[in-house]
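Below: one structure, written as C-alpha cells.
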Amino acid sequence: AKRIVIKVGTSTLTHATGKLNLLRIEKLARELSDLANQGKQIILVSSGAVGAGMDRLGLKDKPKTIPEKQAAAAVGQGILLHIYEKMFGEYGQIVAQVLLTRADSVNRKRYTNSRNTLMALLNQGVIPIINENDAVAIDELKIGDNDTLSAMVASIIDADLLIILSDIEGVYTANPQTDPQAALVSEIADITPAIEDMAGGPGTLRGTGGMYTKIQAAKIAVNSGVTMVIASGGREGVVRDIIRGSKVGTIFM
Ligand code: ADP
C-alpha cells in the first residue's frame, strides 16, 4: 500500500478526563512521519476538535446547542493543529490543515478541487490533516462523522488502504461493553445485514459514531475499491504492522 488514509477517533486522542492524550498523539506523529520517510503517502483524518475546545473553554458537559458546539470546535481545531504541527515538526514532517464539508465530495467542481489540492500536498510529501469544517457546516450540509469522512477522502484520492483507529481491537460479534461473549471478527468480505446488526453505538461519552458509522464507512471504502482495517489506536506500531500485512484488527476487502 502506497497511499494510506488513517482516521483517529476522539476515544484514541483523548483521556477519560477529556484532555488530549499527548503520548498517543506523539507516537502517532512519529510513526506516520517514519512511514512518510519510507515513501508512503499519508493522509490523517483527525477528530478531537470539539473535545479539545471544550477542555480549553472549561466546559464540563457536551455543548447543548449547535452554535456552542461549533464554537468549541472552532477553538479546538486550532489547538489540535498546533499540537500536530509541533509533534510532526519534531520529525521534520510538514502537515497541512484541510477542512471539508459534504459539498466537497458531491459537487463535481468541488470534488475535483479537493482532489487536486490533496494530490498537490501528497506530491510534495505533506501529510494533510483533515477534519469536517464543523465551525461552519450546518446539519444538512454535514457528512456528520469522521468515519464516513475518512471513507469519502479515501475514495476521492483513490487510496490503497483506509485504517480506522479506535479504542477497540476491531469489530466484535456484539458490543463487547454489553456482551462479554463477544468475539473479534478478523475478516469481513461481505457487509451483510447480519454484520450491520452487530454494530452498536459509541463506547464512551466522548466517542461519536460507535461501530455503526465504521461499518457504513467500510461500505463506501470497499465500493470504491479501498481496503479498510479497523484496529486499536492503543497498539504500538499498529499502522506499520497493518501495512506489513500482519493480522491486526478487522479487515474489510
Ligand atoms: P471512536 O472515537 O474511535 O470513533 P467510538 O466510541 O465512536 O470510538 O466507537 C468505538 C466503540 O464502539 C467501541 O469502544 C465499542 O464500545 C462500540 N461498539 C459497538 N458495537 C461494537 C461491535 N460490534 N464491535 C466493537 N465495538 C463496538
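Counting from 1, the numbers follow the sequence of the chain as shown. Start at 1 and go down the list; that is how both ligands and their atoms are numbered. Just so it is clear, the structure is predicted and the values come from calculations on it, not from any experiment.
- By the 3.5 Å distance cut-off applied to N or O atoms, G9 is not counted among the residues near ligand 1.
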- [ ] Begin from the C-alpha positions of K219 and E196 and carry the test salt bridge (Lys or Arg N to Asp or Glu O under 4.0 Å) through to its verdict.
- [x] CA-CA 10 Å; K219 278 192 186 170; E196 292 187 70; 3.1 Å; yes
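- Between P176 and I168 the shortest side-chain heavy-atom distance falls below 4.5 Å.
- Within ligand 1, the atoms closer than 4.0 Å to a non-hydrogen atom of T10 are 2 (O), numbered from 1 in the order shown.
- Residue D147 has no N or O atom closer than 3.5 Å to an N or O atom of ligand 1.
- Of all the heavy atoms of M211, the ones lying under 4.0 Å from any atom of ligand 1 are found in both the backbone and the side chain.
- For ligand 1, one of its N or O atoms has an N or O atom of D167 under 3.5 Å away.
- Proximity of K7 to ligand 1, defined as any heavy-atom pair under 4.0 Å, is confined to the side chain (atoms from C-beta onward).
- Residue-ligand proximity, G170 to ligand 1, at heavy-atom distances under 4.0 Å covers atoms 24 (N), 25 (C).
- Rounding to the nearest 0.5 Å gives a distance of 9.5 Å between CD1 of I42 and CG of L122.
- Residue G210 has at least one nitrogen or oxygen atom sitting less than 3.5 Å from a nitrogen or oxygen atom of ligand 1, judged on distance alone.
- Among the atoms of S166, some N or O lies under 3.5 angstrom from an N or O of ligand 1.
- Taking every heavy atom of Q177 and a limit of under 4.0 angstrom, the matching atoms of ligand 1 come to 16 (O).
- Nearest heavy-atom pair across R115 and D158 is NH1-OD2, 3.0 Å.
- Side chain to side chain, E68 and T65 meet the donor-acceptor criterion of an N or O pair below 3.5 Å.
- With T213, N175, D179, D197 as candidates, the residue nearest to atom 15 (C) of ligand 1 on a non-hydrogen basis is N175.
- Under 4.0 angstrom from ligand 1, the non-hydrogen atoms of I168 all belong to its side chain.
- Judged by distance alone, the side chains of Y91 and E26 do bring a donor and an acceptor atom under 3.5 Å apart.
- In this structure, the side chains of I4 and L35 stay at 4.5 Å or more apart for every pair of heavy atoms.
- Q77 and N131 are linked by a side-chain donor-acceptor pair at a separation below 3.5 angstrom, with hydrogens and angles left out of the test.
- Under 4.0 angstrom from ligand 1, there are no non-hydrogen atoms of S47.
- Every atom of ligand 1 is numbered from 1 in the order shown, and the set under 4.0 Å from a heavy atom of Y172 is 22 (C), 23 (N), 24 (N), 25 (C).
- What you find for T10 and S47 is that their closest heavy atoms are OG1-CB, 3.5 Å.
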